[in-house]
Colleague: 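Below you'll find the structure I mean.
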Number of protein chains: 2
Amino acid sequence: MELYTERGFEQTTVAEIAERAGLTKRTFFRHYTDKRDVLFAGAAALQTLVVDSVAAAPPGLAPIAAVAEGLGTAAATTFADHDGVPRARQAVIEANPELQERELVKLATLGAAVTEALRGRGVDGPTARLAAEAGITAFRIAFERWITGPPERALHAVLRETFDDLRDVTSRVAEGRGASPGARADA
Amino acid sequence: MELYTERGFEQTTVAEIAERAGLTKRTFFRHYTDKRDVLFAGAAALQTLVVDSVAAAPPGLAPIAAVAEGLGTAAATTFADHDGVPRARQAVIEANPELQERELVKLATLGAAVTEALRGRGVDGPTARLAAEAGITAFRIAFERWITGPPERALHAVLRETFDDLRDVTSRVAEGRGASPGARADA
DNA sequence: ACCTTGATGGCACCAGGTGACATCACTCGA
DNA sequence: TCGAGTGATGTCACCTGGTGCCATCAAGGT
């Protein structure tokens, strides 16, 4: 992290990282599969947190609501303070395409895990997938809004708002098609 | 593509690709930024197709409906036949994590472009972003369903169905929360 | 004391990717 | 017709991420 923030990700060589940590290049690659992996090593913990939280949501809750709850738990704990480690990490990631790439993979993996968690709640496959991915999308955008927004606004709250916005936005999808648009939720 | 399907992506070296194409390694890298880029070179065309289509959607249409129309156009043209090039391409991609990574980036880029197209229609930033990303999510899942589904089912139709499913799934997001589902802050 | 095991170092090596320079074909104006 | 300019390609050297293989070394158990 030090080196990445100092000189940028690309300009930092693995040999340098290893040296700074008092290790060898070879040993570095035994701990991290990638040069990028350093930034994403903690992702596994976040994933289990979310997955457990989805699984533990009140039974009978709608799939998307369970996902919202799971992601909300992560938002309230891991991302509690606005100016902590995650923010610095995000700055590094945003400065480098290779890292954004990895970030997307991490989120995709999270999506798959949440899908499985939903199926564990008895949700059918396609619906689970859709609810999980929609939730991840909401989380991604909420995180973005949170980072760029005022410090006093908690991610937890932003996330909830984003989920509502997502509902509102998608509700108008059939507009302009043959089917009666207003016959739904917004009626 | 030949080499990638024959021996897999990892096992194919750039020198081999260049040789097969009658080129040099150096020349290859002047045409493609990456070894992966070969598979995604056509993505730019798809993107402009979608963006133009979103921009050309009937004015006054809801953001998400415009996105659905844009993606629907792509679905009806580029992905017309179920067993064409895209399917073979997808098989190669699915066999390799590195390529999936790039695929996600491509979709993220598409999302950003669609966001801009929506803003060009007068949609405010946050809503545009959300509608675009939600649309991309729907497209991703629809494509997946289409690939694994029966050949006679057109992507166009699957996409429309997926959009409706997305609407239905997200509509229940406020379930289990205190506030009445329809009553948002800005209501 | 001896052996096993796990973590590390050392080293050679491969492959993706880049920079710098030479070459070659092609066009265009004097 | 010729020579300059331009763009695409080839050649070569080089860096760096990443891996395989073997040596080393400390710790713990017998």
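Below, read A as the first sequence line, B as the second, and so on, with proteins coming before strands; counting in each chain starts at 1.
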Colleague: Could you work out the complete set of other residues in the hydrophobic cluster of B/Ile93, with links drawn between I, L, V, M, F, W and Y side chains under 4.5 Å apart?
Modeller: B/Met1, B/Leu3, B/Tyr4, B/Phe9, B/Val14, B/Ile17, B/Phe28, B/Phe29, B/Tyr32, B/Val38, B/Leu39, B/Phe40, B/Val92, B/Leu99
Colleague: Please list all pairs passing the ring-ring contact (aromatic ring centres under 6.0 Å, His included) test where one or both residues lie in residues 82-112 of chain B, with sequence neighbours left out.
Modeller: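 Passing the test, one end in residues 82-112 of chain B: B/His82-B/Trp146.
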Colleague: Tell me which residues in residues 30-43 of chain B put a heavy atom below 4.0 Å from DNA chain D, sorted by number, or none.
Modeller: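 Per residue number, the list reads B/Arg30, B/His31.
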Colleague: Tracing side-chain links under 4.5 Å among I, L, V, M, F, W and Y, which residues wind up in one group with A/Val85?
Modeller: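 Traced through the cluster, A/Val85 reaches no other member.
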Colleague: Check the distance between D/dG10's P and B/Glu19's CD and give it to me in whole angstrom.
Modeller: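 The distance from CD of B/Glu19 to P of D/dG10 comes to 12 Å, rounded to the nearest Å.
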Colleague: Checking A/Thr109 now: which residues fulfil side-chain contact (heavy atoms from CB on, under 4.5 Å) with it, not counting sequence neighbours?
Modeller: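 Checked A/Thr109 against side-chain contact (heavy atoms from CB on, under 4.5 Å); matches are A/Gln47, A/Val105.
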Colleague: Between atom CG in B/Leu23 and atom C1' in C/dG16, what is the gap in whole Å?
Modeller: 17 Å
Colleague: Which other residues end up in the same hydrophobic cluster as A/Leu23, if Ile, Leu, Val, Met, Phe, Trp and Tyr are linked when side-chain heavy atoms come under 4.5 Å apart?
Modeller: none
Colleague: Whole Å only: how far is the NZ atom of A/Lys25 from the C1' atom of D/dG18?
Modeller: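 After rounding, the gap between these two atoms is 7 Å.
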Colleague: What are the residues of residues 91-106 of chain A, sorted by number, that bring a heavy atom to within less than 4.0 Å of DNA chain D?
Modeller: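 Hits under 4.0 Å, by residue number: none.
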Colleague: Should B/Thr127 and B/Asp124 be marked as a side chain to side chain donor-acceptor pair (under 3.5 Å) after you check the CA-CA gap, both sets of side-chain angles, and the distance that decides it?
Modeller: CA-CA 6 Å; B/Thr127 304; B/Asp124 71 289; 2.8 Å; yes
Colleague: Using the test side-chain contact (heavy atoms from CB on, under 4.5 Å), find all partners of A/Ala68 that sit at least two apart in sequence or belong to another chain.
Modeller: A/Phe163, B/Val173
Colleague: Look at A/Thr24 and C/dG9 and indicate whether a side-chain polar atom (N or O) is within less than 4.0 Å of OP1 or OP2.
Modeller: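 So the side-chain polar atoms of A/Thr24 do come within 4.0 Å of the phosphate oxygens OP1 or OP2 of C/dG9, strictly under.
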Colleague: Determine which pairs satisfy salt bridge (charged side-chain N to carboxylate O under 4.0 Å, His left out) with at least one residue from residues 20-33 of chain A, sequence neighbours left out, and list them in order.
Modeller: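 Residue pairs passing salt bridge (charged side-chain N to carboxylate O under 4.0 Å, His left out), neighbours aside: A/Glu2-A/Arg20, A/Glu6-A/Arg20.
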Colleague: Mind running a 4.0 Å heavy-atom check of residues 6-15 of chain A against DNA chain C and sending the residues that fall below it, in number order?
Modeller: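 Hits under 4.0 Å, by residue number: none.
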Colleague: Measure from CZ on B/Arg26 to C1' on C/dA20 and round the result to the nearest Å.
Modeller: 9 Å
Colleague: Could you check how far CZ of B/Phe28 sits from P of C/dA15, rounded to whole Å?
Modeller: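 To the nearest whole Å, that distance equals 15 Å.
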Colleague: Would you mind listing every salt bridge (charged side-chain N to carboxylate O under 4.0 Å, His left out) that reaches into residues 110-122 of chain A, with sequence neighbours excluded?
Modeller: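 Salt bridge (charged side-chain N to carboxylate O under 4.0 Å, His left out) check on residues 110-122 of chain A returns no pairs.
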Colleague: Hey, is the main chain of A/Asp83 close enough, under 3.5 Å, to the side chain of A/Asp81 for a donor-acceptor pair?
Modeller: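 Flag not set: sc A/Asp81 to bb A/Asp83 has no pair under 3.5 Å.
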Colleague: For B/Ala74, enumerate each residue passing the side-chain contact (heavy atoms from CB on, under 4.5 Å) test, keeping only those at least two apart in sequence or located in another chain.
Modeller: B/Leu46, B/Leu49, B/Val50
